[in-house]
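Comments concern the structure below.
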Amino acid sequence: MSLKLQVTDLKKNFGSNPVLKGISLDVNDNEVVVIIGPSGSGKSTLLRCLNHLEVPNSGKVVIDNVDISDPKTDINVVRQNIGMVFQHFNLFKNLSVADNITLAPIALKHEDKAVATEQAKELLTTVGLAEKLNAKVQSLSGGQQQRVAIARALAMNPKIMLFDEPTSALDPEMVGDVLAVMKDLAKKGMTMVVVTHEMGFAKEVADRVLFVDDGQILEEGTPDHIFEHPENPCLKSFLDKILNV
Amino acid sequence: MKHHKLLLLSLITCLLSFLTFFAVHATPVQAAEKTYTIGTDVTYPPFEFANKSNQYIGIDMDLMNAVAKIEGFKVNIKPLGFNAAVQSLESGQIDGVIAGMTITPERQAKFDFSTPYYKTGVIMAVAKNSDITSLSQLRGKRVALKTGTAGATYANSLKDKYGFTTVTFDDSNNMYQDVTTGNSVACFEDQPVMQYGIQQGLGLKIATKPANNGYYGFAVKKNANQALLKKFNAGFKKLKANGTYDKIVKKYVGANSSGETTTTTPKTNPAVAGKTFNIGTDVTFPPFEFANKQNQYVGIDMDLMRTIAKEQGFKVNIKPIGFSAAVQALDSGQIDGVIAGMSITPERRQKFDFSTAYYQSGVVMAVAKKSNIQQLTQLNGKKVAVKTGSVGADYANSIKNRYGFKVVTFDDSDNMYQDVVTGNSTACFEDQPVMQYGIRQGTKLKIVTKPVNKAGYGFAVKKGVNQDLLAAFNRGYQDLKANGTYDKIKAKYLGTSTKASTVAKSNQPAATTDTESRSFTGLIQQNKGALWDGFKETILLTIVSIIFATLFGIIVGLLGVVPNKVGQGISSTLIYIFRGLPLLVLALFIYTGIPSLTGQKIPAFIAGVLTLTFNEGAYTAAFVKGGIEAVDPGQMEAARSLGLPFGKAMGKVILPQGIRIMIPSFINQFIITLKDTSILSVIGLLELTQTGKIIIARNLEGFKIWAIISIIYLIIITLLTWLSNWVQRRIKL
Ligand SMILES: Nc1ncnc2c1ncn2[C@@H]1O[C@H](COP(=O)(O)OP(=O)(O)OP(=O)(O)O)[C@@H](O)[C@H]1O
Ligand SMILES: [Mg+2]
């Protein structure tokens, strides 16, 4: 088992507001880590620090043995290896589904357009949208858009995937499709860090669950440990709240 | 990106260095030993005056330099003007004064004088062909004098005894001309000055022996600089002894007092021959300058200028850019001279050197034909129209508090007249000949007051610059006066003397004669050449400006969204400055402000394009920046998370979406740019609006011409909108 991601004492402030107060975390190859925690606890910020969409104030992030905090590291190259999926999909509105998926491979890996499009077709098939290759982004439902977004991220062959509440902007009947794609991905051995409130997904897929509150990891363990035998009182009240809705 | 940043950085640097230039611009102080600063008059030939190469020469100058050389010191000549020189000497700012200064008891109380170096006296001069040889022949005649001279004092003391009347002029040339034309039979003047004038080709002769003799001396402050005074006296003695002094005097006033020397004025003037000068004038100031039916500039000023140019062998390039623009352009060195019915005033003399006054004018008040206003006292509480920068405006402003009226200012005479005709204003103040001419051409106004604030019109060059041109003008004018051409030109526009003769009428550049058709088609037919040229200029100006403004705007706008504080700062600063400056101010600043600082002329077209580039470009930058910022930030994050660098993400994802947001603003901005070209008429660009002004100045068909011009603008705007829509569809955004 090799280390895929190593976070050491990560700190991030927005102005005088400390959002991450020293996070340390190791993620192994093929591991699926789920992060849960109340709103505003810093989950998204943590995820965004992992690919420098937010630059942390201190601490170290090493991905695939590359220290991304090192100023000599070319962040654009590192990001090619980290797929990210956003809550609001963020598909490129000026481009078709195919162009959304092929943009980065063509622009960054100088792939041939035909080759890239072929790969896009395959990816779309795996997310169940083979027929949408030439569709306009606006014509897709939320669930379809999110699956295209996953396909777009996968097109760069990332070594790790980050998901920031990928299903929370979706209508309930579409959540299943997206989760199915993610489960599939996990089964194929993708290393994943997932922020989600889908406890079912966490229980089924996660190797490890982290509970983050107020910028710190308060408890971590197997899904069984976190959901069935929580110790931290904050975690207990958090679980009470979401499970009793 | 880097490249653009550099470009903008250098632009900012330029701007800043302009500002620092203001701050640190100081005259270098030269401190050499044994150098005396000597004040003198600005121009008092033959004693001191600037020659063609702008060096001060004359009897005083040569004498001073010769003394300095022989006594081994250095002098720094400062042509401060007589009064200023005397005051500077008194306050110890300068070491001495040599300025044809007569030694008087009053002056001796404050100054120590050298040995008298020149004996002068007042003489009487008459026309060359005159048979007057003595004072007794002056009975019942008129004599010309110059204000404040020894000659005037002398003549006034004699006039009762000899029974002559006097007429007073403000400068020597006018006085001389009054005698050459025969209005006066004689004039009184200092002998050397007269002698020099005759040597320079004045058609006069000296008729009497010098009277009221006086002596010129070199002066230092009382009890100060005695060493310098001693040196002067010693040097002068030596120069007298070795003959240098006589040579100097002979050089300027000839061998004897007869004034008959062999110097003849060459037909063309070598100093200016073959050169081309840019002469600014008003857009319309009839009868001095206005466009005729063929849209050529004619009028007294124009004919005079062209004739003189021809005689003296130089070329002129007439630029009808409007009075105030011309004055500013002259001040900033963009043009070489201005002839625009410009009164010679002390304020203007500070900045310009004027020719001999070629026309005498005065300010009159005119009111609507049916008005019963007769005098200034009736103006209380009323509005009065004036034209920017005119003598009439100065006069009106000087008396508005006394008579309790309000002043409304217009940029040209026609708008001013119309304001009175329509009754918005009760009266206007205008130069007499202009008003007379306008009324004769059908302007529905009448003159109700006598001319006041009489002043001479002069041709102007920038102070200390283009002295050759000035000299050529003066000489040419002298010739035209002498051979009668001048009177012919005047008669052509104003009729002979007071009554409008039939001859003059037939020669008039018809303004209201009915040979011109006044229908829309007729007007378009007559002016199609001018309108077409204006149209082309407007289109060219618009297209070139749109291209540069768009480039400038996109660069500055993009600079505003790069993740770099310096870039963003530069961008916001540029937008702030150029969006904040009124277009008119920016145009004048670039066209007249910058050249007066750098001495580098900027052609009007380029100044116009720069103005629009900066102004419209700033607006463009603002909406480019806004358009980019209006794109969902998630788009940029998604692109960056895939590993796309900023530039690629911007180019492939953000800009295509931003441009769609910007398109309506772009089209809007193109239309605004087109309309804003009209403002550039202030710097004299002959685009549509300026063309309209000029045509209306001639035919007074304001409604119809402005209607035609408006329709042309609307047509261009329609075409521009179509073009933009077509382009928009073509690039399928
Ligand atoms: N760009 C920003 N500037 C300032 N404050 C920010 C910024 N982004 C996040 N924050 C603040 O940081 C804190 C953590 O935000 P974050 O989005 O990481 O929370 P979260 O755990 O993802 O919450 P949620 O479950 O609502 O998505 C919040 O208080 C938020 O207001
Ligand atoms: Mg979040």
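Letters A, B, ... mirror the listed sequences (proteins, then strands); counts begin at 1.
- Within a 6.0 Å radius of NZ in A:K183, more than 12 heavy atoms belonging to other residues, nucleotides or ligands are found.
- Summarising the local packing, CZ of B:F605 is surrounded by more than 12 heavy atoms from other residues, nucleotides or ligands at distances under 6.0 Å.
- More than 12 heavy atoms of other shown residues, nucleotides or ligands fall within 6.0 angstrom of atom NZ in A:K109.
- The distance from atom OG of B:S641 to atom CE of A:M156, rounded to the nearest 0.5 Å, is 10.0 Å.
- Taking chain B as the reference chain and counting heavy-atom pairs below 4.5 Å, the highest number among A:N51, A:L95, A:L91, A:V78 is found for A:L91.
- Interface remark: A:R48 contributes side-chain atoms only to the contact with chain B (heavy atom separation under 4.5 Å).
- Contact residues of residues 534-547 of chain B toward chain A are absent (heavy-atom distance under 4.5 Å).
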### Task
Take A:F92 and B:L642 through the side-chain contact (heavy atoms from CB on, under 4.5 Å) test and state the conclusion after the steps.
CA-CA 12 Å; A:F92 304 136; B:L642 285 168; 4.0 Å; yes
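- Of the listed residues (A:A149, A:A107, A:A153, A:G83), the one with the most heavy-atom contacts under 4.5 Å to chain B is A:A107.
- Taking chain B as the reference chain and counting heavy-atom pairs below 4.5 Å, the highest number among A:L162, A:L108, A:I75, A:L103 is found for A:L108.
- In terms of heavy-atom pairs under 4.5 angstrom with chain B, the leader among A:D74, A:V77, A:N90, A:N76 is A:N76.
- Atom OH of B:Y576 has 12 or fewer neighbouring heavy atoms from other residues, nucleotides or ligands inside a 6.0 Å radius.
- Contacts between A:L53 and chain B at a heavy-atom distance below 4.5 Å involve the side chain alone, from C-beta outward.
- For B:K652, the parts lying under 4.5 angstrom from a heavy atom of chain A are both the backbone and the side chain.
- Judged purely by atom type and a 3.5 angstrom limit, B:D632 has no side-chain atom pairing as donor or acceptor with the backbone of A:K93.
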